[in-house]
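Since the structure comes first, as structure tokens, the remarks are kept for the end.
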Amino acid sequence: MSQVSRCSPYSLIEVDDALSLALSEASHRELIQVQSKEAFGFVAAENIYAKSPFPPFKASLKDGYAVRHPLSPGKKQLVGTVITGRSKELPQVNSEQAAYITTGAPLPPGADSVIPVEWTAESGDPGFVMISRGTHVSGQEVRQIGSDIPEGELIISDGSHIGVTECALLINCGVERVQVYKRPKVAVFSTGNELVEIGNSLSFGEIYDANRPLVIAALRKMDIEIVDLGIVRDDEVHVREAFERALKLADIIITSGGVSMGSHDYVKKVLERLGKVHFGRVRMKPGKPLTFATVESENSSKRFVVGLPGNPVSCYVCFYLLVVPLIRKLSGYSKPHLPIIEAELLDPIRLDPERPEYHRSILQWNFERHIYQAKSTGDQSSSRLLSATKANALLILPSENKTLERGTLVPAILLECDK
Ligand SMILES: Nc1nc2c(c(=O)[nH]1)N[C@H]1C(S)=C(S)[C@@H](COP(=O)(O)OP(=O)(O)OC[C@H]3O[C@@H](n4cnc5c(N)ncnc54)[C@H](O)[C@@H]3O)O[C@H]1N2
Ligand code: MOO
């Protein structure tokens, strides 16, 4: 039997310190160019300015008649039609004339205003239109060139996420390609001799590997490229080989299991030999053996390793507390942390006297009182995945020897908003 250690060599550090340390290691980020239409989900790595004004021409805001201000009511001569996207040759309009125009079409020369169709009537003569209300100001019902977005306007700042509207805005302003932060590639493996891939039968003492699918699903939600390295046996040679393979294939390596005090917990030991273990114990519940290391790869670039604890809920909580901000930082986010709001407890909760707890809960908006209220997901055992299903927040509960009463306000980390 391997030697049993009775005391961890790793000091117990606070969650905030662990997070700051990991994020400070993740300062270098790679840049790539992508087409604007493919930029969704990336973070801009430059200030982006409008290449062309929007709208690029004076455009009608209404279906109606293009005229020149000042125009009084009465019968006006029709000199043509301007249909959005169709009319290439535009009629000249003078002060007693009108041209039929549709919403979004360019104003014809001579015209500066539009009379909506509702302010007009048939004149009885096909060459004329009856205007019932004249213009009140030059430029009425017209979008001027660049009135929405002037040419050269800063439209997306360095470090901002390119979401649905930002992607459309780039195209709106004629920006074809953008420089963005490359998203890290992540390799995942589970460690444990007891682990079996679903689809196979279990022998006594075995369980299915749930953590790798959990991590992979969470990474998929973040649109991250994944290298699935399967289940690795709990022995030094296999763990080492798995890391050596992963280091060649990915920027971040996420493992589960094998990080606590057991005689067959090899993750930390192997990492100490391959690189630098920055922390190996964090004062949190669940997730105390959470481990973070950096390793220099063959091409001298830095790789990041997160050893998640084997208990499935610890694995889940640590993924959101550490892996999500780490990936966000490497992906270029200027604010990599998950959002925190305040919520009122709907149940009394007994605190842990030694470790701050990240209590899984369901947040609901109280429409009468305009506050978020948090319902506990019940038994918080770190092996009970049911405590994490349906949870949309982690309540940050302090370590104290007391019970927090129903109605107490606590900070809550919002989950499931990781884009
Ligand atoms: N003497 C001590 N023992 C333990 C300590 C400690 O401080 N001193 N810490 C405990 C805490 S806290 C945790 S959390 C666990 C984590 O340990 P490991 O990361 O080494 O995880 P394992 O021992 O490999 O597994 C723990 C538990 O989780 C199950 N497991 C593991 N991997 C998976 C998986 N991929 N899918 C589903 N379930 C998994 C495993 O079978 C065990 O039941 O250590 C405590 N021990
Ligand atoms: O802290 Mo461990 O994560 O209780 O289960």
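These numbers come from a predicted model, not from an experiment. Ligands are counted one by one from 1 in listed order, and the atoms in each one are counted from 1 as well. For this chain, numbers begin at 1 and follow the sequence in order.
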Original post:
How does Asp234 reach ligand 1, if at all, at less than 4.0 Å between non-hydrogen atoms: by side chain, backbone, both, or neither?
Top reply: neither
Original post:
Given that the side chain starts at C-beta and the backbone is N, CA, C, O, which of these parts of Ile231 lies under 4.0 Å from ligand 1, counting heavy atoms, or is it both or neither?
Top reply: neither
Subject >> Side-chain donor or acceptor of Asp379 paired with backbone N/O of Ser381 under 3.5 Å >> reply: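 Answer holds: yes.
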May I ask you to list the atoms of ligand 1 that are less than 4.0 angstrom from any heavy atom of [X]?
X: Tyr208; value: 36 (N), 37 (C)
X: Ser190; value: 35 (N)
X: Ser314; value: 14 (S)
X: Asp265; value: 20 (O)
X: Ser256; value: 35 (N)
X: Lys288; value: 7 (O)

Original post:
Considering only heavy atoms from C-beta outward, does the side chain of Val306 approach that of Thr255 to under 4.5 Å?
Top reply: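 A side-chain contact under 4.5 Å is absent here.
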Original post:
Is the shortest heavy-atom distance from the side chain of Ile253 to the side chain of Phe243 under 4.5 Å?
Top reply: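 A side-chain contact exists here, since the closest heavy-atom pair is under 4.5 Å.
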[atom1]-[atom2] distance between [X] and [Y], expressed to the nearest 0.5 angstrom:
X: Glu14; Y: Arg283; atom1: CD; atom2: CZ; answer: 4.0 Å
X: Ser260; Y: Arg281; atom1: OG; atom2: CZ; answer: 11.0 Å
X: Asp158; Y: Glu46; atom1: CG; atom2: CD; answer: 8.0 Å

Nearest-option assignment for [atom], heavy atoms, candidates [options]:
atom: atom 33 (C) of ligand 1; options: Asn311, Asn211, Ile207; result: Asn211
atom: atom 44 (O) of ligand 1; options: Pro309, Gly258, Pro286, Ser260; result: Ser260
atom: atom 36 (N) of ligand 1; options: Pro289, Gly307, Ala210; result: Ala210

Between [X] and ligand 1, is there a nitrogen or oxygen pair with a distance under 3.5 Å?
X: Thr191; result: no
X: Pro312; result: no
X: Gly310; result: yes
X: Asp209; result: yes

Subject >> Neighbour count above 12 (heavy atom, 6.0 Å) for Arg68 CZ >> reply: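 Enclosed.
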Distance-only donor-acceptor pairs under 3.5 Å for side chains of residues 34-42, two or more places apart:
| from | atom 1 | to | atom 2 | distance (Å) |
| --- | --- | --- | --- | --- |
| Ser36 | OG | Val175 | O | 2.5 |
| Ser36 | OG | Glu176 | O | 3.0 |

Is [Y] paired with [X] through a side-chain N to carboxylate O contact shorter than 4.0 Å?
X: Lys285; Y: Asp352; value: yes
X: Glu241; Y: Arg245; value: no
X: Lys269; Y: Glu236; value: yes
X: Lys302; Y: Glu25; value: yes

**OP:** For ligand 2, would you mind listing the residues that have at least one heavy atom less than 4.0 Å away, ordered by chain and number?
**Re:**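 The 4.0 Å shell around ligand 2 contains Pro286, Gly287, Lys288, Asn311, Ser314, Arg355, Ser382.
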Original post:
Side-chain donor-acceptor pair under 3.5 Å between Thr294 and Lys276, yes or no?
Top reply: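 Not at all, the side chains of Thr294 and Lys276 share no donor-acceptor pair under 3.5 Å.
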